Amino acid sequence: MSYKITDSVSWVGKIDWELRSFHGEELSTHKGSSYNSYLVRDEKNVLIDSVYVPFGEEWVEQLRKEIDLDKIDYIVANHGEPDHSGGFAVLMELIPNTPIYCTANGAKSLKGYYGKDWNFQIVKTGDKLPIGKKELVFVEAAMLHWPDSMATFLTGDNILFSNDMFGQHFASEHLFDEFVSHDELVYEAMKYYANIVQPFSPKVIKKIGEIAAMKLPIEMICPSHGLIWRSRPNEIIELYSKWANAYSENQITIIYDTMYNSTRRMAESIAEGIRGAAPEVTVKLFNTSRTDHSDLLTEIFRSKAVIAGSPTVNGGIISQLSAILEDTKNLGLQGKLGGAFCSYGWSPAGVKVIAQKLTDAGFAMVGDGVKAQWKPTEAALAECRNFGAQLATHSAEENQAPVNE
Ligand code: FEO
């Protein structure tokens, strides 16, 4: 199946309606995804990126209906990860000498995955490939999100094929952004950014600056996953600029786990305290054992403060909370406040464990946290409400400078 994008560009990818996790089980994909491959026709025919390994055979079958494979003059591999290169393993058996344009690291990753010394043509930022009336301009994008990543700009149509950058895991029969819910699309783009791109935010800032300096007249952004940004191509670039700069919304997120509901009751009292002190703040509570971790990381990413709580377990904390705090540390978030609380029977050690994990994750801690023994008393719950109010007040003061929203 193919879809027309412009008179000279067709989408020839694969929509994966069934996908529910990505990177193994690491990232949830509730809405499925797509592996976007594009065919550019000019005096030369160019295929940009392919599809995930399990779809390689059917992708090539479909591609044959679109073009005589021998008429593909060039291949562009923006990224070697198997969700974009898997189809090449099948295709290159049929057209083995076709040149593949990629970065030096791209050639390494493709050789590493498929063990073949294909006809790699190494490109760098600013290199151009004439294809007739138009040309391709390559833009290296190392660490966005792999060392081999790059984007490709098509002059004339003014399309940036951005690969993973600006993508979303969002299966849709529609190709273009204007045909789906804007809120859902931006949420999926944010989730993608928070879980995959956020650790490389300094590179995002630099790369967006470099692309701006190249003065490419971008009219459309065609990522390798999800919808094409056609109606508002600048919007996703602006969103990436905001997300990369210590992003936060006026939201405080409480994450907790609980054994006998003592920690839950503390969490709810903290939320009550926040609401009382700052009713304009969005407060969200999540039990880490009952919440999808990729969604939770997205909520943490967008929050100005995160308050975490657990019962003490064997001198530590419940493993699901521990796991999400470890994942949070790996995101390299900046400019967020943290708070800790724990319930306990015999040892209040959990609160220190949580505080340390949040500190290690770059959060500025507010207070020493709150502890409650056994079933929280009215006095303990009042202390929780006070703690919530204290944190809300503190975060309001911290955010005298405008919060990115
Ligand atoms: Fe969509 Fe990095 O692969």
Side-chain angles (χ1 to χ4, degrees), residues 11-38 47-56 59 75-91 100-114 138-152 159-172 175 177 185 188-201 203-204 207 221-229 236 240 243-244 294 297-298 327 330-332:
W11 178 95
V12 289
K14 174 68 191 172
I15 300 170
D16 189 349
W17 294 96
E18 294 186 356
L19 191 78
R20 289 297 176 269
S21 70
F22 191 77
H23 286 163
E25 298 301 317
E26 187 67 12
L27 177 68
S28 64
T29 53
H30 309 309
K31 292 192 175 69
S33 192
S34 65
Y35 316 107
N36 297 338
S37 171
Y38 301 97
L47 183 66
I48 300 179
D49 293 329
S50 75
V51 299
Y52 187 28
V53 177
F55 301 104
W59 174 69
I75 288 171
V76 172
N78 280 320
H79 178 31
E81 198 168 359
D83 54 322
H84 306 297
S85 63
F88 291 146
V90 181
L91 181 65
I100 298 179
Y101 290 80
C102 60
T103 63
N105 280 331
K108 280 185 200 167
S109 61
L110 291 167
K111 277 185 206 171
Y113 275 116
Y114 306 106
F138 301 106
V139 184
E140 292 169 280
M143 300 318 296
L144 298 177
H145 68 118
W146 269 21
D148 69 347
S149 299
M150 72 170 187
T152 301
I159 296 175
L160 183 71
F161 298 95
S162 61
N163 198 260
D164 283 327
M165 256 192 305
F166 310 130
Q168 338 88 40
H169 288 303
F170 194 157
S172 171
L175 266 190
D177 61 332
L185 180 63
E188 291 301 331
M190 177 190 277
K191 179 174 174 178
Y192 194 96
Y193 188 94
N195 284 271
I196 292 180
V197 185
Q198 161 59 30
F200 312 109
S201 285
K203 304 265 185 202
V204 171
K207 187 53 58 183
I221 294 177
C222 291
S224 57
H225 297 292
L227 280 293
I228 291 168
W229 302 92
I236 188 63
Y240 263 50
W243 293 341
S294 308
L297 286 176
T298 310
D327 285 344
N330 296 338
L331 296 185

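Just so you know, ligand 1 is whichever comes first in the structure, and atom 1 is the first atom listed for that ligand. A quick note: this is a predicted structure, and the numbers were derived from the prediction, not measured.
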Enquirer: Report yes if the distance between the aromatic ring centroids of Y114 and F88 is under 6.0 Å, otherwise no.
Expert: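 Centroid distance Y114-F88: not below 6.0 Å, so no.
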Enquirer: Checking one value in my table: which N/O/S atom of E81 lies closest to atom 2 (Fe) of ligand 1?
Expert: OE1
Enquirer: Looking at H84, pick out the N, O or S atom nearest to atom 1 (Fe) of ligand 1 and give its name.
Expert: NE2
Enquirer: Is the distance from atom 1 (Fe) of ligand 1 to some N, O or S atom of H225 under 2.8 Å?
Expert: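 H225 does place an N, O or S atom closer than 2.8 Å to atom 1 (Fe) of ligand 1.
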Enquirer: Closest approach of A151 and S162, non-hydrogen atoms and distance?
Expert: CB-CA, 3.9 Å
Enquirer: Quick check: does any side chain N or O of T29 sit under 3.5 Å from a backbone N or O of L19, one acting as donor and the other as acceptor?
Expert: yes
Enquirer: Which heavy atom of S294 sits nearest a heavy atom of N195, and at what distance?
Expert: O-ND2, 3.2 Å
Enquirer: Kindly indicate whether the side chain of L297, heavy atoms from C-beta on, has any atom under 4.5 Å from the side chain of Q198.
Expert: no
Enquirer: Among the N/O/S atoms of H145, select the one at the shortest distance from atom 2 (Fe) of ligand 1 and name it.
Expert: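 The closest N, O or S atom of H145 to atom 2 (Fe) of ligand 1 is NE2.
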Enquirer: I want to check something: taking the side chain as every heavy atom from C-beta on, are E188 and H225 in contact at a cut-off of under 4.5 Å?
Expert: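 When only atoms from C-beta onward are counted, H225 and E188 do not touch, as no gap falls below 4.5 Å.
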Enquirer: To make sure I understand the geometry: which N, O or S atom in H79 is closest to atom 2 (Fe) of ligand 1?
Expert: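 Nearest N/O/S atom of H79: NE2.
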Enquirer: Return the name of the atom in D164, of element N, O or S, nearest to atom 1 (Fe) of ligand 1.
Expert: OD1
Enquirer: By atom name, which N, O or S atom of D83 is the nearest to atom 1 (Fe) of ligand 1?
Expert: OD2
